[in-house]
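So that the names make sense, note that chain A is the first sequence line, chain B the second, and so on, each numbered from 1.
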Amino acid sequence: MSTYTAIKGFKDILPDEAPLWRRLEEAAREVARRYDFQELRPPMAERTEVFARGIGQATDIVEKEMYTFVDKGEERITLRPEATAGLVRAVLEHHLAAGGRVARLFCLGPMFRYERPQKGRLRQFHQLDVEIFGDPGPEVDAELLALLTSFLKEIGLGDLTINLNSLGCPQCRPGYRELLVKFFTARQEDLCPDCRRRLHLNPLRIIDCKSEGCRRAVEGAPKILEHLCADCAGHFETLKGLLDTLGLRYVVNPNLVRGLDYYTRTAFEVISNDLGAQSAVAGGGRYDGLCRELGGEDIPGIGFAAGLERLVMLLREKGAADPPGPDYYLAVLHESARLAAFRLAENLRARGLRVAADWTPGSLKSRLKRADKSGAAKVIMLGEDELARGQATVRDLASHEQSDLDLGPFLR
RNA sequence: GUGGGUGUAGCUCAGUUGGUCAGAGCGCCAGGUUGUGGCCCUGGAGGCCGGGGGUUCGACCCCCCUCACUCACCCCA
């Protein structure tokens, strides 16, 4: 055990995993491009206010999970716990969705939440965040879900399904909320202590509770989908129709609730059974009131976030292919050949070839062994004899065929 | 914040009621065999047994305290 370790909940992405991450990021960018989204890279930190108001004072994230500090200018600053609030701030600040314009944006990067780490949950974690600002219609909802589906398919997780629900709007949700409170008040004894507290704070969350008693109680509870106002119901029906037209796979789950306060109407989630307790891979929804909440115009929005470490976990379970090795493994077999080998390596690299050079002392046997493990296609052996002949020996590790490489052009 | 589990070699892990219990496999290094590497054989290097305190003639083992990792609750991606 070395003296220093990475801090709790912060992890090194090691070289053997990095290629997988790169693949995910490349796939995300490519899919975003196809759907005509542009990258916006907001800063890693914002004024605390932005997240507190955007995400909701009463949420766990804001109450106890934010990395907040006071900087030297006495400013209260928070490391972003999610991307949406910062993107909203940027969209408003730079008028990206002003005057009826539509902004289609994505963002890829680390988020920070002070939580107790466990499987699939870190303090620094990474998300792909995709958002559409300025279009209230169900078409963009469908587009966003299509993008998410394409992304999952692109990275090889096409078997995952999207859970879909509508959470209503300020017109219809209060009425439904009252119905729920009435319903659960009559069944308080069945609820877990947490949910008894939620009863008046945030009754929608009870629907999402996993404890036995609550689940049973929820079964007979009124469904939000049956209490949507005409507009919300119409929006949801149109959306489903569009998804059907596209042939997208989804499941309507009337018990789906989202943890953040700002969601309205469309809400969705992708979960996997292969991740342990932290099963949500991606989640999002519409947030038509968020921009106004942050002091801007009344700009509608919809977006989702996907957790990259969870996607990486799923892909690793499927067994990721080993990345290819270098083109050449350069084995220096004698001290006298060191300088020539050095120039040869640099020369090959200048020609665009990937060359692994091994300067450590060792036998031919060990050099070949290492070359084999490196995954290199060929070994270049350079020792006393080769130097005298002016020709290095090149051995193909797969076919065992050997040939000579004239050193002349490389050493001039 | 609340529970449970685990900390022994670079990695994965054994280790009897406390008395050669400092070990194995893999990896690494050297040698042998082989067609100059993959299989096989021989040898070698590597550990304050997470850290601190206590009990004891004696602690990897028992007790206390700490730290780290991990899983779960909670919440979320």
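Within 4.0 Å (heavy atoms only), A/L397 reaches at least one base atom of the nucleic acid. Using a 4.0 Å heavy-atom criterion, one finds that A/A282 contacts the sugar-phosphate atoms exclusively. Residue A/G120 is classed as a base contact, given a heavy-atom separation below 4.0 Å to a base. At a threshold of 4.0 angstrom between heavy atoms, the contacts of A/E309 with the nucleic acid are absent. A/K365 comes within contact range of at least one nucleobase, with a heavy-atom separation under 4.0 Å. Contacts of A/M381 with the nucleic acid, taken as non-hydrogen atoms under 4.0 Å apart, include base atoms. Residue contacts shown for A/Q278 include a base, since a base heavy atom lies under 4.0 Å away. In this structure, A/T393 reaches neither bases nor backbone, as no heavy-atom distance under 4.0 Å exists between it and the strands shown. A/I271 comes within contact range of no nucleotide atom at all, as no heavy-atom separation falls under 4.0 Å. If you check every strand for non-hydrogen atoms under 4.0 Å, A/R395 touches a base.
Annotated as syn: B/rC48, whose glycosidic dihedral is within 90° of 0. Anti is the classification of B/rG31, since its glycosidic angle lies more than 90° from 0.
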*Please, what dot-bracket string fits RNA chain B when only Watson-Crick and G-U pairs with both distances under 3.5 Å count, crossing ones use [ ] and pairs to another strand use |?*
(((((((..((((.....[...)))).(((((.......))))).....(((((..]....))))))))))))....
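Distance, A/L314 CG to B/rA77 P: 16 Å, rounded to whole Å. For the pair A/I380 CD1 and B/rG37 C1', the interatomic distance rounds to 16 Å; values are reported in whole Å. Straight-line distance from the CG atom of A/L364 to the C1' atom of B/rG37: 8 Å, rounded to whole Å. Nucleotide B/rC69 holds its P atom 10 Å from the CZ atom of A/R116, rounded to whole Å. As a whole-Å value, the separation of A/E82 CD from B/rA77 P is 8 Å. What separates NZ of A/K373 from P of B/rC26 is a distance of 11 Å, to the nearest Å. Look at NZ on A/K11: it is 11 Å from P on B/rC69, rounded to the nearest Å. Regarding A/K369, its NZ atom lies at a distance of 9 Å from the P atom of B/rA30, rounded to whole Å.
No cation-pi contact links A/R123 to A/F10, judged by a cut-off of 6.0 Å to the six-membered ring centre and 45° from its axis. The cationic group of A/R187 lies under 6.0 Å from the six-membered ring centre of A/F183 and within 45° of the ring axis, placing it in a cation-pi geometry.
When the C1' atom is used for both B/rU8 and B/rC61, the distance is 12 Å, rounded to whole Å. Using C1' as the reference atom, B/rC63 and B/rC71 are 26 Å apart when rounded to the nearest Å. When the P atom is compared between B/rA45 and B/rA72, the two are found 42 Å apart, to the nearest whole Å. The C1' atoms of B/rC11 and B/rC28 are separated by 11 Å, rounded to the nearest whole Å. Comparing the P positions of B/rC21 and B/rG53 gives an interatomic distance of 27 Å, to the nearest angstrom. To the nearest whole angstrom, the two C1' atoms, one in B/rC64 and one in B/rG27, are 39 Å apart. Using C1' as the reference atom, B/rC40 and B/rU33 are 8 Å apart when rounded to the nearest Å. Distance noted for atom P between B/rC60 and B/rC49: 7 Å (whole Å).
Side-chain N/O atoms of A/S279 and A/R310 include no donor and acceptor closer than 3.5 Å. Between the side chains of A/D385 and A/H334, no donor-acceptor pair is found at a separation under 3.5 Å. A donor-acceptor contact closer than 3.5 angstrom is absent between the side chains of A/Y263 and A/D288. Between the side chains of A/T149 and A/Y250, no donor-acceptor pair of N or O atoms lies under 3.5 Å.
Phosphate contact (OP1/OP2 of B/rC76, side-chain N/O of A/R205, threshold under 4.0 Å): present. Taking only side-chain nitrogens and oxygens, A/Q118 comes nearer than 4.0 Å to OP1 or OP2 of B/rA72. One finds no side-chain N or O of A/K119 lying less than 4.0 angstrom from the OP1 or OP2 phosphate oxygen of B/rA72.
Two residues, A/P361 and A/H126, neighbour RNA chain B, and the one matched to the more 5' nucleotide by heavy-atom proximity is A/P361. With RNA chain B read from its 5' end, the first of the two nearest nucleotides for A/I7 and A/K64 is the one closest to A/I7.
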_side chain to side chain donor-acceptor pair (under 3.5 Å) between A/E46 and A/T78, intermediate numbers included_ = CA-CA 6 Å; A/E46 297 277 351; A/T78 295; over 6 Å; no
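Comparing B/rC73, B/rA30, B/rC76 against the side chain of A/S366 picks out B/rA30 as the nearest. Considering only the side chain of A/S363, B/rA30 comes nearest among B/rA30, B/rC76, B/rA72.
No donor-acceptor pair under 3.5 Å is formed between the side chain of A/R76 and the backbone N or O of A/F69.
In this structure, A/Y114 has its ring center closer than 6.0 angstrom to the ring center of A/Y67.
Not a single donor-acceptor contact under 3.5 angstrom links the side-chain atoms of A/R370 to the base of B/rC28.
Within the 4.5 Å cutoff, side-chain heavy atoms of A/V312 are placed close to those of A/W21.
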